[in-house]
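Written out below as structure tokens is the structure these notes cover.
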Amino acid sequence: MNYLLSLNKRLVIILSFISFFSIIVIFLFNYLPSSNFELQKIENQNETSDILKPKFSINSKKQKIFVTANEGNFLTKDEIILKKNVIFESDNFKIYADNVIFNKKTLVAKTDDKSKFVSNNSTINSNGFDIIENGNIINFKGKSLLLLK
Amino acid sequence: MIKFLLFFFIIIFNSNYAASRNAGETEVTTEDGIEVFQEEKYYLLKKNVEILSDDFDLNAQLVKIFFENDLYDMRELIANEDVSFISSAYNVNGKGDYLQFEIKTQKIHVSGIGSELKLENTEMYSDGDIRVDNLRGSFSIEGPNSSLISDNTIIISSKINGIFEMIDGKRNISIIEVEDNNIANIKTDDIDMFSKKAVYEKNKSIIELFEDVKINRGGEIITGDYGIFNTNKKSYKVSSKDTKKVKAIITNTNE
């Protein structure tokens with residue numbers, strides 16, 4: 001007798017349903033947040049920008065933080081909003097973010113969008129940040145996760 | 001079938017949760033953000049802070065983590081408000097309003113009302129300060145409502161200092177010095193001792209009592225200036241500078 005015919009059809013159907021359902025659940029848990037984040041980026045593509053690929057640095061006595069983005073728009077005389085692939089990079093860390101408002105007079109950078117801080121063996125995920133005192137203090141806002149390896 | 005489904009979903013959700021932190025990693029979550037002070041070299045973790053690692057878990061409302069050169073290289077941790085912690089690496093757990101933990105020197109300081117620190121065989125309580133120097137093997141408990149419980153002995157005093165010795169990988173108390181401006185109390189299974197100062201030495205199996213000594217065992221109360229209790233023989237002797245000052249009261253507890 002064929003072995004497949006001896007299997008309980010009902011059990012096979014239930015197990016198939018569970019497997020399918022669990023794959024969907026795992027997919028939703030792992031990929032839904034990052035999908036939303038991508039969607040925000042795509043929506044911003046239709047806007048025009050004042051500066052293409054802005055690039056500058058925040059300097060202090062002890063470190064230099066290089067700032068790059070794909071687009072920049074002047075909000076006021078002193079404030080620029082940096083959009084798409086905004087990166088703050090120093091010798092010690094990198095911060096990835098989007099929609100960062102930078103004040104060129106006070107050298108303060110802030111965003112309420114999701115951001116990721118990456119340093120040697122440590123990462124911080126947060127809902128935005130403020131960089132103040134020429135980069136000496138970085139305030140990661142809201143629910144935050146710090147992972148030390 | 002329902003049990004099978006429940007089991008299946010528990011496995012799925014647990015595996016998803018466990019994937020967030022790998023072995024050897026430390027995961028820190030906060031409700032209200034993390035401030036990184038690069039020059040001062042510390043993190044400030046704010047509101048409902050939870051630290052999970054292989055050998056140390058901590059909950060508190062505000063935590064400062066000082067680091068050496070790189071951000072992951074932790075040197076010292078200071079936690080405030082509703083602090084509770086457990087360390088499997090150091091076999092210690094406790095709670096308090098304030099915790100200071102120096103990682104290299106293994107010094108632990110817990111303070112505040114309702115402070116607790118528990119080691120293998122020893123429990124320490126205080127509304128003041130509890131300090132343990134794990135490398136040197138010493139401890140101190142100081143402040144109101146301070147007490148120590150170890151091996152069926154309870155010590156209540158405003159100041160308790162002691163020394164541990166390691167036996168089979170466990171910290172055992174070898175010396176305790178007790179001091180209280182009012183009166184300190186040492187209780188064992190069948191004896192209640194009071195004095196202003198007391199010293200316990202494990203290798204000599206004695207507890208020495210100094211000033212305003214009172215020993216109470218089974219209705220027999222003896223007072224004097226100095227007392228010595230042999231913990232092996234369960235015998236004691238009380239003396240006084242003024243030989244007439246020693247006083248014994250024997251009551252029949254069966255009445």
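Per chain, numbering begins at 1; letters A, B, ... match sequence-line order. What's counted below: heavy atoms across the whole structure, side chains too, no hydrogens, waters or symmetry copies. All figures in this text were calculated on a predicted structure; none of them were measured in a lab.
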Do the side-chain N and O atoms of A/Asp78 and A/Thr76 include a donor-acceptor pair separated by under 3.5 angstrom?
no
Please classify the contact between A/Lys149 and chain B as side chain, backbone, both or neither, with a heavy-atom cut-off of under 4.5 Å.
both
Under 3.5 Å, is there a donor-acceptor pair between the B/Asn134 and B/Arg171 side chains?
yes
Taking side chain as everything from C-beta outward and backbone as N, CA, C, O, which of these in A/Ser126 sits under 4.5 Å from a heavy atom of chain B? Side chain, backbone, both or neither.
neither
Measure A/Asn92 against the heavy atoms of chain B and call it side chain, backbone, both or neither at under 4.5 Å.
side chain
Short side-chain donor-acceptor distance under 3.5 Å, B/Asn172 and B/Asn121
yes
What verdict does the salt bridge (Lys or Arg N to Asp or Glu O under 4.0 Å) test give for A/Asp112 and A/Lys141, after you've listed the backbone C-alpha separation in whole Å, the side-chain angles of each residue and the deciding distance to 0.1 Å?
CA-CA 8 Å; A/Asp112 290 325; A/Lys141 297 189 280 193; 2.8 Å; yes
Option in A/Ile138, A/Asn136, A/Asn139 with maximal non-hydrogen atom pairs under 4.5 Å from chain B:
A/Asn136
Tell me whether B/Asp180 is salt-bridged to B/Lys159, with the criterion being a basic N under 4.0 Å from an acidic carboxylate O.
no
Might you work through the ring pair (Phe, Tyr, Trp, His ring centres under 6.0 Å) test for A/Phe66 and A/Phe88, ending with a clear yes or no?
CA-CA 6 Å; A/Phe66 293 96; A/Phe88 290 73; over 10 Å; no
When the ring planes of B/Phe101 and B/Phe56 are compared, do they come out parallel, tilted or perpendicular, using 30° and 60° as the limits?
parallel
Part of A/Gln63 lying under 4.5 Å from any heavy atom of chain B
side chain
Could you name the residues of residues 37-49 of chain B that have a heavy atom within less than 4.5 Å of a heavy atom in chain A?
B/Phe37, B/Gln38, B/Glu39, B/Glu40, B/Tyr43, B/Leu45, B/Lys46
Can you tell which part of A/Phe129 gets under 4.5 Å to a heavy atom of chain B, answering side chain, backbone, both or neither?
neither
Partner of A/Thr123 under side-chain contact (heavy atoms from CB on, under 4.5 Å), chosen from A/Leu146, A/Leu148, A/Leu147, A/Leu145:
A/Leu147
Using 4.0 Å as the upper bound for N to carboxylate O, is an ion pair formed by B/Lys104 and B/Glu68?
yes
